[in-house]
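Each chain gets a letter, A, B and so on, in the order its sequence line appears, and its residues count up from 1.
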Protein chains: 2
Amino acid sequence: MNIGEVSTRADLPAKTIRYYEEIGLVKPLRDTNGYRAFRESDVHKLVFLGRARALGFTIEDCRALTALWEDKARASADVRSIASDHLIQIEAKIADLQAMHETLSHLVSSCAGDDRPDCPILQSLEKVTR
Amino acid sequence: MNIGEVSTRADLPAKTIRYYEEIGLVKPLRDTNGYRAFRESDVHKLVFLGRARALGFTIEDCRALTALWEDKARASADVRSIASDHLIQIEAKIADLQAMHETLSHLVSSCAGDDRPDCPILQSLEKVTR
DNA sequence: TTAGGGGTTCCAGTCAGGGGAAGGTCAAGA
DNA sequence: TCTTGACCTTCCCCTGACTGGAACCCCTAA
């Protein structure tokens, strides 16, 4: 199977698939003409990778997760550990963004937004009151 | 004023300040020995930049915001527009992260996390059910 | 004079790919 | 047989917003 079909089936850009090969996440075979020759197992793995990335796992997380996925003697605790660490990261990012949102939405709603220059948003950015 | 003092006063790494000069956000003078010579107005601007960056504005947003900040004839609508666009970006990111969080927290809580290999997290990543 | 703690530039790396050039390969139609 | 166009290949540079490090210069105090 050529990269185009894999790209469609795994719903990943060809560029991304080539990149994943470059960093050793997938190892497709090669045809005599130099084209990558993907097996079903490669497609399966790429789908796995796509889903993990969509959940925000880093590439290194993905590397660890696929290793566990392929290890029939894995302990589910190892998988859960990676996932719950990632959950903590997500929670931290959400909290960060919510703090930004709170500050900024107050500022936006207090700004007249007309053609006059007075602007509480700029005033607040100017203040050293961190 | 040398970069070290500015770094302390604006609470920004010296590297960051040099970078901001490189991309034209600040334009400190130079001493005869080649050292950057910052004025009070430069420090003031760097504090402004630091606060805007802390609220998640991009560098290009910051460039626009400082231009407005220094334009005494600005319309507050222009500032508000940048800020509310940014709010929308923040809201989108929060929504994304919350969706990830929801999916992943269900998975984590359904995984035994012991030494057995059965793992709903891996099973779910494997499925093509996008 | 020397040691240290400033400062300077420049280069490379981060993360996860994206854009695009230059060129090879394949299948279908004239 | 030739050509067209879709597909594939590698290669290199670009992104954002810095960060780390090397190699070197400058200033002050002991």
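Side-chain contact check for A:Glu126 versus B:Arg51: every heavy-atom pair is 4.5 Å or farther apart. Between B:Arg53 and B:Ile59, some side-chain heavy-atom pair lies under the 4.5 Å cut-off. Using a 4.5 Å cut-off on side-chain heavy atoms (C-beta onward), B:Ile121 and A:Ile82 make no contact.
Recorded end-axis angle for the helix from C:dT1-D:dA30 to C:dA30-D:dT1 stands at 40°, based on five pairs per end and rounded to 10 degrees.
Among the heavy atoms of the strands lying under 4.0 Å from B:Ile3 are primed sugar atoms or P, OP1, OP2 only; no base atom is included.
For D:dA17, neither phosphate oxygen OP1 nor OP2 lies less than 4.0 angstrom from any side-chain nitrogen or oxygen of B:Thr16.
Sequence neighbours left out, the pairs with a member in residues 70-92 of chain B that pass ring pair (Phe, Tyr, Trp, His ring centres under 6.0 Å) are B:Phe57-B:His86. Annotation: salt bridge (Lys or Arg N to Asp or Glu O under 4.0 Å) contacts involving residues 75-102 of chain B, sequence neighbours excluded, are absent. Pairs engaging residues 26-36 of chain A under the side-chain hydrogen bond (donor to acceptor under 3.5 Å, both in side chains) rule: A:Glu21-A:Arg30, A:Glu21-A:Arg36 [sequence neighbours left out]. Residue pairs meeting the ring pair (Phe, Tyr, Trp, His ring centres under 6.0 Å) criterion with at least one partner in residues 99-126 of chain B, sequence neighbours excluded, are absent.
Within the 3.5 Å criterion, the main-chain N or O of A:Gly4 finds no donor-acceptor partner in the side chain of A:Asn2. Side-chain atoms of B:Thr58 come within 3.5 Å of backbone atoms of B:Asp61 as a donor-acceptor pair (strictly under, hydrogens ignored). Under a 3.5 Å cut-off, the side chain of A:Ser81 and the backbone N or O of A:Ala77 do not form any donor-acceptor pair. Side-chain atoms of A:Thr66 come within 3.5 Å of backbone N or O of A:Cys62 as a donor-acceptor pair. Looking only at distances, no side-chain donor or acceptor of A:Ser76 sits under 3.5 Å from a matching main-chain atom of B:Pro117. Although no hydrogens or angles enter the test, the distance criterion places a donor-acceptor pair under 3.5 Å between the side chain of A:Lys45 and the main chain of A:Leu25. Side-chain N or O atoms of A:Arg63 include one that pairs as donor or acceptor with a backbone N or O of A:Ile23 at under 3.5 Å.
With sequence neighbours excluded, the residues forming a salt bridge (charged side-chain N to carboxylate O under 4.0 Å, His left out) with B:Asp42 are B:Arg39, listed by chain and number. For A:Phe48, the ring pair (Phe, Tyr, Trp, His ring centres under 6.0 Å) criterion is met by A:Trp69, not counting sequence neighbours.
Residues from residues 86-104 of chain A placing a heavy atom under 4.0 Å of any atom in DNA chain C do not occur. Within residues 56-65 of chain B, the residues approached by DNA chain D to less than 4.0 Å at the level of any non-hydrogen atom are B:Thr58, B:Ile59, in residue-number order.
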Check nucleotides 10-14 of chain D for protein N or O atoms closer than 3.5 Å to its own N or O atoms and list the pairs.
from	atom 1	to	atom 2	distance (Å)
D:dT10	OP1	A:Arg30	NH1	3.2
D:dT10	OP1	A:Arg30	NH2	3.2
D:dT10	OP2	A:Arg36	NH1	3.2
D:dT10	OP2	A:Arg36	NH2	2.7

Close N or O pairs between protein and nucleotides 25-27 of chain D (under 3.5 Å):
from	atom 1	to	atom 2	distance (Å)
D:dC27	OP1	B:Asn33	ND2	3.3

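Nearest approach of A:Cys119 to A:Cys111, heavy atoms of both residues: SG-SG, 3.8 Å.
Along DNA chain C, read 5' to 3', the first and last nucleotides having any atom under 4.0 Å from a heavy atom of chain B are C:dG6 to C:dC10.
At whole-Å resolution of the value, CD1 in B:Ile23 and P in D:dC18 are 8 Å apart.
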Apply side chain to side chain contact (heavy atoms under 4.5 Å, CB included) to the pair A:Met100 and A:Leu97, showing each step before the final yes or no.
CA-CA 5 Å; A:Met100 287 182 197; A:Leu97 287 168; 4.2 Å; yes
